[in-house]
Structure formats: structure tokens, C-alpha cells
Amino acid sequence: MSEQNSESTYYVMTSIPYVNGRPHIGFALEAVQGDVLVRHHRLKGEKSRYLSGSDENALTVVQAAEVQGAELEEMVAANAEAFRAIQIPLDVRYDDFIRTSTDPRHFPGAQKLWRKMDAAGDIYKRHYQGNYCIKCERFYREEELVDGTCPIHGTAPEAVDEENYFFALSKYQDKLIELIESNTLLVQPEHRREEMLSFIRGGLEDISISRQALRGKGWGVPVPDDPDQVMYVWVDALSNYITALDYAEDQSDLYDTYWKGDGQRVHVVGKDIIRFHVVFWPAFLMSAGEPLPTIVNVHEFLMSDGEKMSKSRGNVVDPLALVELYGVDALRYWFIREMPRNGDGNFSHDRLIGRYNQDLANDLGNLVNRSVGMLHRYRGGVVPSVPADRASALKALAETVPARMDAALDAFDFREAVAAAWEIVTRANKFVDDEKPWEIAKAAKAGDTDADARLDVVLADLIEAIRIVAVVLSPVMPSGSGRIAAQLGFGLEDGDAAARDWSDALAGRELPAAAPVFPRIEVEE
RNA sequence: GGGCCUGUAGCUCAGCGGUAGAGCACGGGGCUCAUAACCCCUUGGUCGCAGGUUCGAUCCCUGCCGGGCCUACCA
């Protein structure tokens, strides 16, 4: 499975959203999933990088600016900033954020990719006419239109009659099948892999990859040597994953390290754009003779109280509002714990609150609170010094957790990863009830020296178990884990894989007074 | 219209040839270190509907119903 060492690299990329609106909860999910992955691999000591960005060259953006009566560049900049800025409230940490309309790295990189595809003989010109829906960024056949309008947007499509460039996608059908079947390009979860395979087997046709520059007032990446054409948005958008690595340069350390190395190159995308990432993008790269991504992980969508989220229904959930209401840990934990592998997730405030109160406040938070509380009551707040190699049920369990989390996250099973960590929490709470430290303390006070020694072990075990939980959960809840760490008098660090192992690192440390780490969310009836 | 996915306890989800599991919620009991938290036990399902294959199906096949994603162009 994963025998990564400190030399292997891990490059995670979110899809880059259109900038004609504000961040949606679905994108927050994606950003958090990616963040959990990078933080986890970084914790293990792998050289990791996390990229996000904004897709700014689409016609929809031009149109949105017109509708809003806004200056195009200003609107784009403002919205891009909104997406970049979600890092703060969501505890997400990008290493890089690329804007496709303004970043100097992007245009030349996208054009370099185009030239290479062209040099491979995969780009050709073709004349056609059709009905183009700007909002959908695609053409419709006559019979697909509803009363002459776009079936999705209900607006009249633009009659387009022009000559565009096409990409010889059909050439790559067999190679793509081979890549996916062999898991050289791993598509997760499994059913998405099957879906893509059957789609490709159904036959691939060449695709249009440019449009006339005039249609978008010149907005977009110009096709090399043909200023009348700009790149179809997906060619331009997908290339961001490498243009951000200075692909345009003749020599780039970033590109060599993260795209040419034998590490992982991981896309985290929604189910609506699998095809672009699993079919088009790898085909473009093969054509250009560049390495391919190694993994495409697909997440599903979020429903709101059982209904599809949509602006017209007015049930769109704002992720930042949730952070303000419930805190970032509640939201991040909910994404990871409740989002199913197959099928859409269903968001509701009640479920988020319930999950937070039960798991974070009652189970984990209370475990920390009662353990630290007893440490103060019986040992003056100082962690007892007992050998780390003592036999312990908690230790035995805790030692299995890192490997289980690694395996679960390698398979993008976030829930399973958290479940593994949670076994320590559950077991530790039971441990307290079984051991009854308050009774041991009474016996010790009565002069029982064995009891005194036993109390040291029980308390030390609890503190150590909690320390490990804080460490392994830190990729999921950086803030919450940080607060637990502070409560235990230590700091979280990247690249410290050994921190996940049972030790006596905290022995002798004096801890601050117990204070709730995850206060309950009180709901008014 | 076509392709693919999906429908399992009140809720959120696992399981996917040998007649069902977890967590939460509900009910009962225990404990007191703790954020009225924690621990134990119980209750609870004709596994969307109807056929079929099989010694045997929640798990395979067909159809239907409900939900979802896609539908790439000289169709």
C-alpha cells in the first residue's frame, strides 16, 4: 500500500471554481477534503503541496459582469479573493492559489501545453455550426432544446457558425482504458471508476477546444499563432494544475518535483466534472508528452434538508455562516464524518449540531476534560512518569490506529479514518469507567501503595491516549486538536510522524487547568 | 430520449450469494472524575416494488417506481 518515505511527494489539487459567485458549501467540502489529505501526508513527513485557484476565463464570467453591471476585472478579482480567503475561516492552508486570468504563470503555460498538443498532431481545425448556451459553456443539438431554449437555463442559445480547433480525443480511447483499468490513473471511489470506464468504452469523439475570441470580447487565453481564437475554457482551466508549477518555464523545480517525480498527484473534484479530469485532462497530457495525475478522487454533492440546493429554492447553505454559528471544527468534522462515499450527503443544522455535541463535546471534549480534571485533583496537574513500554489496553489499541488511518485515507475513506481514531476515544471513556480512578484514589489515600502506583498508570495512559488522538485528528480539526494539545501542554508540528506513536513524551509536564475544549452547542427549544 | 449511479432500522450510513450491522435517537440499569457528560443492556428492519436465476439473494438478472450525475457535436 503506502510505503512512502520522506522523499515521496504528495500534490493535492482542488478543482478551480468559476468566479461568478461566492463560495458554496460544496466547494468548502472539497477544500476541506483536500486540506485533510495534505495535512495528513505532511504529518507523516512527506513533502506535500496543496493548490487551489479560480477559473476566470469562462464566458459566464463575462456575462455575469454584464448582468451585475460590474467592471469585469474588478468583479473577477473580488470573487477570486473570496475563494482564496476561505482558507482563514475553514482552517484550510493552500501552498499556492492560481488565478487563470491574471496570473503571469498561466497564459504562457496553457499556451505551451497547447503547442505541444499541436506538435503531436492532435489539434486540427474544423468548421461547424450549432446552438451554444453561454451558461452551460456547451453546444446543444436542436432536439435537446426545450422550446428553442437551453434545457437547463431556459435561455435562448446563441447561434454560432464558426471554425474552431478540435482535439483528437478519439486517438486516446484505448490508452485511457488501459490507464484506468490498471489503476495507473486511480479513480476513486470504485463506482466512479466503473462509470468512467463504461463511458470511454462507449466511444470517444474529438472535442472542440477553442472558440472565437469575439464571442467573449477577447476574454480568455489566446490560441498560439491565431489571435482570433481563444481556448475553450476546459483546456485553459485544467492546465492550471501545471501552470501553477511554472510549467511555462524551460526548467522548473516545482514541476520537476511535484509533476515529474514518482510521488502522488491527486485531484479532488466533484462528480459533475469527473469526465474532464479522468478523460480530457489525461488525454491532453498524454498528447503533450507530460506525466499524468495519479489519482482522481471524486466527491458527491450536498443536499439541504433532503432537497437539492439551488438559488431559486433559496436553500443554499453558506459555509462561512456555519463557521460563525458553530465553529470551524464542527463544520470540518461534519464534512469528514457524515459525507457518504457513494451518494449525496444531506446537510441540516440539526445533524451538524447533533454530531458536534455527541462526538466532539460529549465523547472527545468530555474525555479531555474529565481526564485533565482528575490529573489536577489527584496529581496536582503533573503527568505521572511511568515507562512508555508498559502493557496497556489503550496503548495496544492506539498503536493500531495510525496504520488504519493511513490505509483509510489512501482509499479516501475519510469516515473510516475518523472512526479508527474514535475507537481510542470510546475505549478511553470506557477505561475511565472500568478503572474508577476516584476509587483508586481513595484506596491510595488510605495508604494502599499499589493503588497509588496504579493511579499513576491510569492517569498517564489517559493523557497519552488523548495526546495521540489530538495528533492523528489534527489533519481533520487543526484548531480543535490545537486546543487539546494546549490543554496537554504540547504543540502540534508537521512532519512529526513519530508523534503518532505511544510514548511518555508528556511525563512530568504540568498541565493547565481543565477547560472545555469543545463547549456544547446549546439549542433553544 | 440515452449512459451511469443510487434506494438497507425513526435518522445518518456500513455490508453485497448463506435468510442483516454500526452510530445517533427511544426504553431500562449503573457510576459520579466530567461539558446533566460517561458506561452497560434492551427495543427496533417483509434490506424501494414485482418477477427470474440459484440448494439458498439484501447481495446476480429483468422490469417498474423514487432520487442523482452526465449527455462530449457538422445528432
Side-chain angles (χ1 to χ4, degrees), chain A residues 126-132 136-144 151-152 160-164 166-167 169-170 189-192 194-209 232 234 270-276 279-280 298 300-301 303 306-308 334 337-348 350-352 354-355 357-378 413 415-416 419 422 425-441 455 458-459 462 514-522:
Chain A
R126 184 199 269 178
H127 177 88
Y128 73 95
Q129 49 193 357
N131 300 297
Y132 187 83
C136 298
E137 290 283 349
R138 58 161 291 210
F139 288 90
Y140 281 98
R141 292 182 287 260
E142 283 298 334
E143 64 268 27
E144 288 180 313
I152 294 171
V160 172
D161 183 349
E162 62 184 39
E163 196 169 40
N164 288 338
F166 276 71
F167 172 72
L169 181 65
S170 53
E190 179 72 16
H191 75 271
R192 293 297 173 192
E194 299 305 325
E195 182 179 339
M196 281 302 99
L197 279 171
S198 65
F199 166 70
I200 298 167
R201 289 195 186 105
L204 296 177
E205 293 175 21
D206 295 352
I207 54 171
S208 166
I209 54 170
Y232 173 56
W234 277 102
K271 65 178 173 182
D272 54 330
I273 52 174
I274 316 177
R275 182 166 305 171
F276 300 102
V279 181
F280 296 1
V298 182
E300 310 271 324
F301 288 175
M303 311 268 280
E307 287 194 321
K308 191 171 170 175
W334 188 83
R337 177 63 182 75
E338 290 253 323
M339 200 58 197
R341 271 165 84 54
N342 297 350
D344 290 339
N346 194 3
F347 175 84
S348 82
D350 285 349
R351 272 195 270 276
L352 184 144
R355 205 82 236 179
N357 278 343
Q358 186 55 48
D359 291 3
L360 297 184
N362 293 356
D363 285 351
L364 176 55
N366 185 52
L367 171 67
V368 175
N369 196 237
R370 69 198 302 209
S371 300
V372 175
M374 286 189 286
L375 189 71
H376 275 90
R377 178 180 293 234
Y378 305 129
D413 192 343
R415 305 165 63 113
E416 178 57 29
W422 227 262
V425 176
T426 304
R427 188 75 176 74
N429 271 320
K430 183 171 164 49
F431 179 72
V432 174
D433 273 48
D434 289 346
E435 296 293 338
K436 300 181 175 56
W438 49 94
E439 288 187 4
I440 304 179
L455 190 53
V458 169
L459 293 173
L462 278 172
V517 176
F518 298 108
R520 282 182 66 86
I521 297 171
E522 302 299 340

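These values consider heavy atoms only, across backbone and side chains, with no hydrogens, waters or symmetry-generated copies. Protein chains get the first letters and strands the later ones, always in sequence-line order, with residue 1 at the start of each.
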Quiz prompt | d(CE, A:Met196; P, B:U71) in whole Å | solution = 10 Å
Exercise. Go along nucleotides 32-41 of chain B 5' to 3' and tag each nucleotide: B for a protein heavy atom under 4.0 Å from its base, S when only backbone or sugar atoms are that close, - otherwise.
Key: SBBB-SBBS-
Quiz prompt | B:C33 versus B:A37 - spacing of their C1' atoms, nearest Å | solution = 11 Å
Quiz item: Does A:Asn357 use its side chain to pair, donor to acceptor, with the backbone of A:Ile521 at less than 3.5 Å?
Solution: yes
Exercise. Quote, to the nearest angstrom, the P distance that separates B:U8 from B:G48.
Key: 6 Å
Exercise. Could you measure between the two C1' atoms, the one in B:U6 and the one in B:A14, and give it in whole Å?
Key: 15 Å
Quiz item: Between B:G68 atom P and A:Ile274 atom CD1, what is the distance in whole Å?
Solution: 17 Å
Self-check item: Rounded distance in Å between the P positions of B:C49 and B:G7
Solution: 13 Å
Exercise. Write down the distance separating the P atoms in B:G18 and B:G67, rounded off to the nearest Å.
Key: 32 Å
Self-check item: Which nucleotides of RNA chain B pair, in dot-bracket form (Watson-Crick or G-U under 3.5 Å, | meaning another strand)
Solution: ((((((((.[[[[.).....]]]]..((((.......))))......(((((.......))))))))))))....
Quiz item: Which sits closer to the 5' end of RNA chain B, A:Phe280 or A:Lys271, going by the nucleotide each is nearest to?
Solution: A:Lys271
Quiz item: How far does the C1' atom of B:G15 sit from the matching atom of B:G2, given to the nearest Å?
Solution: 32 Å
Exercise. Indicate for each nucleotide in nucleotides 7-14 of chain B, in 5' to 3' sequence, whether protein heavy atoms under 4.0 Å reach the base (B), only the sugar-phosphate (S), or nothing (-).
Key: ----SSSS
Practice problem: Starting from C1' on B:C24, measure out to CH2 on A:Trp334 and report it in whole angstrom. | Solution: 15 Å
Practice problem: State, to 0.1 Å, how close A:Glu338 and A:Arg415 come at their nearest heavy-atom pair, and which atoms those are. | Solution: O-NH1, 3.2 Å
Quiz prompt | Whole-Å distance separating the NE2 atom of A:His191 from the P atom of B:C69 | solution = 13 Å
Quiz item: Using the P atom in both, what is the distance from B:G21 to B:U46, to the nearest Å?
Solution: 15 Å
Quiz prompt | Nearest non-hydrogen partners of A:Phe301 and A:Met339, listed with the distance | solution = O-CE, 3.2 Å
Practice problem: Would you mind classifying the nucleic acid contact of A:Asp206 as base, sugar-phosphate or nothing, using non-hydrogen atoms under 4.0 angstrom? | Solution: sugar-phosphate
Self-check item: Distance, rounded to the nearest Å, where A:Glu300 contributes CD and B:G68 contributes P
Solution: 13 Å
Quiz item: Which heavy-atom pair separates A:Asp206 from A:Ser170 by the least distance, and what is that distance?
Solution: OD1-OG, 2.7 Å
Practice problem: For B:C13 versus B:C4, give the span between their P atoms, rounded off to a whole number of Å. | Solution: 25 Å
Quiz item: Looking at A:Val368, A:Asn366, A:Asn369, which hits side-chain contact (heavy atoms from CB on, under 4.5 Å) with A:Pro516?
Solution: A:Asn369
